[in-house]
Amino acid sequence: MYTNNGLPSPCHAIIYSVNEANDGNDRDFLNAAPLLTKDLYMLYHKVIISSLNNIPRIKRKKEVVFLVAKNRGSRSEKQENKQKNKQSKQVKKESRRIDKRNINQRNKSGRSVLREAATKTHKKSYKKSSRQASSQNLSKVMLSPPLTRTIDSYEYKAKNIPIKVTILKRKGEFVPLYEVSISSISKTTEFILERIRQELVKAVNLEMIDITDLKKSKLIESQFEETISDLINKYFPDLDDETKGFLTSYLLTKSLGLGMIEFVMHDSDLEEIVVNEASEPLWVYHRKHGWLKTNVFVRDEEQTRHYASIIGRKVGRQITVLEPLLDAHLEGGDRVNATLMPISTAGNTLTFRKFARDPWTITKFIQTRTISVEAAAIIWMAIQYEMSAIIAGGTATGKTSALNCFADFFPPNQRIISIEDTREVRLPKYLHWVPMNTRLPNAEGKGEITMEDLLVNSLRMRPDRILVGEVRRKREAETLFEAIHTGHSVYATFHANNAHQTVERLTNPPVDVPKILLPAISLIIVQFRNRRTGIRRTFQIAEILEDSAVNILMQYDQKKDVLVRKNPSKSLFKNLKLYTGMSDAEIRKELKEKEKVLNYLVRFNITDVDDVGRIIAEYYTNKPNLMRFVNANKRFIEE
């Protein structure tokens with residue numbers, strides 16, 4: 001009975017409930033029946049008033065019937081008048097029938113027939129006469145209660161294009177909806193822009209080699225931009241330069257990029273963007289709201305395959321029926337996985353895991369209560385004195401983010417080599433850092449560079465610290481422990497849910513590291529994500545003893561939402577005293593100093609990765625100067 005936009009459909013009788021207590025005006029009547037012409041409105045206005053005057057007094061609510069008429073311009077005036085009279089009679093007849101039924105049912109049960117469609121009426125309004133209430137409340141006709149509720153809304157910019165996001169909870173939907181809109185572009189403008197894009201495709205002829213050659217990408221973009229500018233001047237001659245630039249960016253993204261998917265990917269609050277099949281909308285994983293269903297669709301399965309092919313060609317790979325799986329990354333570092341039918345039976349898929357544009361720092365970890373200041377100070381001291389650590393946790397618990405945070409504690413005079421499948425770690429510019437990535441084999445199965453290859457190679461590069469994105473296999477783990485035993489500090493991520501499970505997984509197949517090697521790892525830091533709320537926390541900080549047993553130093557308390565001390569240290573501080581010569585008092589003093597610096601970072605909201613790196617570098621190179629600012633509670637100024 002309703003059209004797609006939620007309005008009453010033509011030629012159907014729609015029943016509305018009159019609420020005597022609500023305020024309103026005659027505009028609500030027009031909104032309820034937007035398809036009525038002015039003449040029809042005046043006619044129905046009289047009919048409804050007449051009908052309402054004849055309605056007996058009812059305690060709670062009254063019902064009115066609106067018969068929405070379709071405008072037929074081809075009929076003669078005589079036929080239209082005849083049709084109006086006929087519809088007026090239908091309205092009166094329907095009103096009398098409903099009144100009679102209403103009175104009978106109310107006498108029996110004392111309830112309104114349309115109880116769910118209207119709100120409660122104040123008792124004071126019942127004292128008004130039926131005639132007075134009917135005439136006054138004609139404009140107070142209520143539509144059905146809203147089926148959607150706004151949970152959140154915000155705006156962001158994608159290549160200078162303003163994007164509005166509204167997150168809704170809709171009746172009948174089991175997950176919230178993520179609605180994205182480009183508010184500055186109307187449907188008419190979008191239609192014209194699509195015509196411009198089609199002309200653009202005809203006007204600019206590019207060979208396949210032009211698209212796949214990254215060196216020519218800027219030239220291609222310039223060529224497109226010039227042609228787009230000419231076409232926009234043709235269709236929109238009176239636009240200002242700012243609006244022309246906005247439309248140019250929009251068309252460039254639609255023509256050379258991934259269309260609406262690329263606009264969605266600019267939302268910094270999203271972690272994952274997923275295409276399951278063409279008949280389904282995109283799904284996104286929101287940092288705050290979890291999985292959401294969007295209002296964005298890909299045109300068909302062929303378009304999904306086309307996007308996967310574009311991504312594959314940019315990294316020198318192909319995705320075909322013979323090779324239906326693709327694992328690659330975009331220029332910005334975002335990871336992409338694609339599959340083709342019939343491997344994914346429902347349709348072609350795309351999964352984008354976003355690379356953090358604004359990387360996590362230790363300040364943000366403390367501000368979001370992911371870790372406590374006391375725990376961060378212990379980790380800082382262990383890293384400062386070159387003790388190796390493994391960061392464990394389940395999927396999406398923040399292992400790589402934690403690795404990025406703790407890397408802020410590296411001294412600036414040491415060489416750091418990071419090894420990852422996809423570059424996610426971003427260290428401060430003050431550090432001596434060499435990032436390295438693995439490479440997948442080409443179509444012939446040649447040219448693969450594994451993590452083990454890079455680990456072995458890194459040992460020849462005179463590193464002081466080695467960061468390993470993730471340890472998965474036995475040979476990688478063996479190389480990692482070999483690096484530790486040859487005098488390098490190594491920091492790696494590993495899939496395990498707690499400290500004990502980390503040891504069990506490391507010492508059993510398929511990793512199968514000999515237990516005798518485990519004490520080379522000084523700390524195990526476990527990250528945790530609450531599946532219900534989505535919050536991430538440091539779950540455990542543990543040390544490995546000489547017999548390869550686990551001693552948990554700090555444990556996350558779910559009820560209090562804090563890290564609490566569990567057991568005294570038996571190995572960590574013992575080794576610190578052994579290799580640094582510090583006493584227990586000196587260790588406690590240094591821990592307090594580090595806590596002061598961390599609180600200083602939080603107090604002055606120093607969250608940028610380079611700004612945090614600058615404070616840490618000052619701590620190592622000129623500690624008295626930094627502590628002067630910290631103790632005076634003044635913002636640090638570079639001299």
Side-chain angles (χ1 to χ4, degrees), residues 356 359-393 397-412 425-428 430-431 465 467 489 491 493 499 521-529 535-543 552-557 560-569 572-573 576 587-620 623 626-627 630 636:
W360 283 91
T361 58
I362 193 61
T363 312
K364 292 179 183 177
F365 255 43
I366 296 170
Q367 286 176 336
T368 57
R369 303 184 67 183
T370 303
I371 195 170
S372 66
V373 172
E374 182 185 4
I378 292 172
I379 294 170
W380 184 357
M381 177 162 276
I383 290 175
Q384 178 181 352
Y385 293 105
E386 302 186 21
M387 293 182 169
S388 298
I390 283 182
I391 300 170
T397 54
K399 298 185 297 297
T400 306
S401 299
L403 181 64
N404 205 110
C405 287
F406 303 145
D408 293 341
F409 299 140
F410 292 152
V425 172
R426 183 186 158 195
L427 304 187
Y430 301 99
L431 297 180
R465 316 277 182 141
L467 299 181
S489 298
Y491 308 88
T493 64
I521 298 290
S522 299
L523 279 181
I524 297 177
I525 304 159
V526 183
Q527 294 298 118
F528 162 78
R529 179 168 73 96
I535 63 169
R536 293 177 172 91
R537 295 289 185 262
T538 298
F539 186 65
Q540 289 176 335
I541 297 176
E543 59 185 5
I552 298 174
L553 304 177
M554 302 189 79
Q555 172 74 51
Y556 174 65
D557 188 325
K560 297 179 181 178
D561 191 27
V562 291
L563 267 173
V564 295
R565 285 185 173 272
K566 188 169 184 182
N567 296 310
S569 174
L572 179 67
F573 295 125
L576 275 174
I587 290 174
R588 285 195 296 271
K589 180 183 176 183
E590 190 157 338
L591 283 173
K592 290 297 180 183
E593 267 187 349
K594 286 176 168 55
E595 288 180 21
K596 276 187 176 182
V597 174
L598 292 169
N599 284 319
Y600 175 81
L601 291 172
V602 174
R603 189 162 55 251
F604 285 92
N605 196 32
I606 302 172
T607 59
D608 182 75
V609 63
D610 291 328
D611 293 340
V612 172
R614 180 68 188 89
I615 298 294
I616 303 298
E618 187 72 13
Y619 178 87
Y620 287 122
K623 186 195 289 188
L626 175 66
M627 296 311 294
V630 171
F636 176 75

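Values below: every heavy atom of this structure, side chains too, minus hydrogens, waters and symmetry copies.
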Distance-only, no hydrogens or angles: does the Arg465 side chain make a donor-acceptor pair with backbone N or O of Ile383 under 3.5 Å?
yes

- prompt: Do Ile378 and Met554 come close enough that some side-chain heavy atom pair is under 4.5 Å?
  reply: yes

For Ile362 and Asp408 the tightest heavy-atom approach is N-OD2, 3.5 Å

Next on the checklist: Keeping Thr363 on the side-chain end and Ile606 on the backbone end, is there a donor-acceptor pair under 3.5 Å?
Outcome noted: yes

Nearest heavy-atom contact between Met387 and Tyr491 is O-OH, 3.1 Å

Rounding to 0.5 Å, atoms CD1 (Ile371) and CD1 (Ile366) come to a distance of 7.5 Å

Problem - Aromatic centroids of Tyr600 and Tyr619 separated by under 6.0 Å - result: no

Checklist entry - Are Leu427 and Leu467 side-chain neighbours, meaning at least one heavy-atom pair lies under 4.5 Å? => result yes

Sorted by chain and residue number, the side-chain hydrogen bond (donor to acceptor under 3.5 Å, both in side chains) partners of Glu590 (sequence neighbours excluded) come out as Tyr385, Lys594

**Prompt:** Quick one: does Arg369's side chain have a donor or acceptor within less than 3.5 Å of a partner on Val562's backbone?
**Reply:** no

Between Thr370 and Gln527 the two heavy atoms that sit nearest each other are CG2-NE2, 4.0 Å

For this session: May I ask you to check whether over 12 heavy atoms, not counting those of Lys623, lie within 6.0 Å of atom NZ?
Result: yes

Would you call the rings of Phe409 and Trp380 parallel, tilted or perpendicular if under 30° counts as parallel and over 60° as perpendicular? parallel

Scanning both residues in full, the closest heavy-atom pair of Pro411 with Leu431 reads O-CD2, 3.6 Å

>> When you measure from the side chain of Gln540 to the backbone of Ala499, do you find a donor-acceptor pair of N or O atoms at a distance under 3.5 Å?
In response: yes

| query | Less than 4.5 Å apart, any side-chain heavy atom of Pro568 and any of Phe573? | reply | no

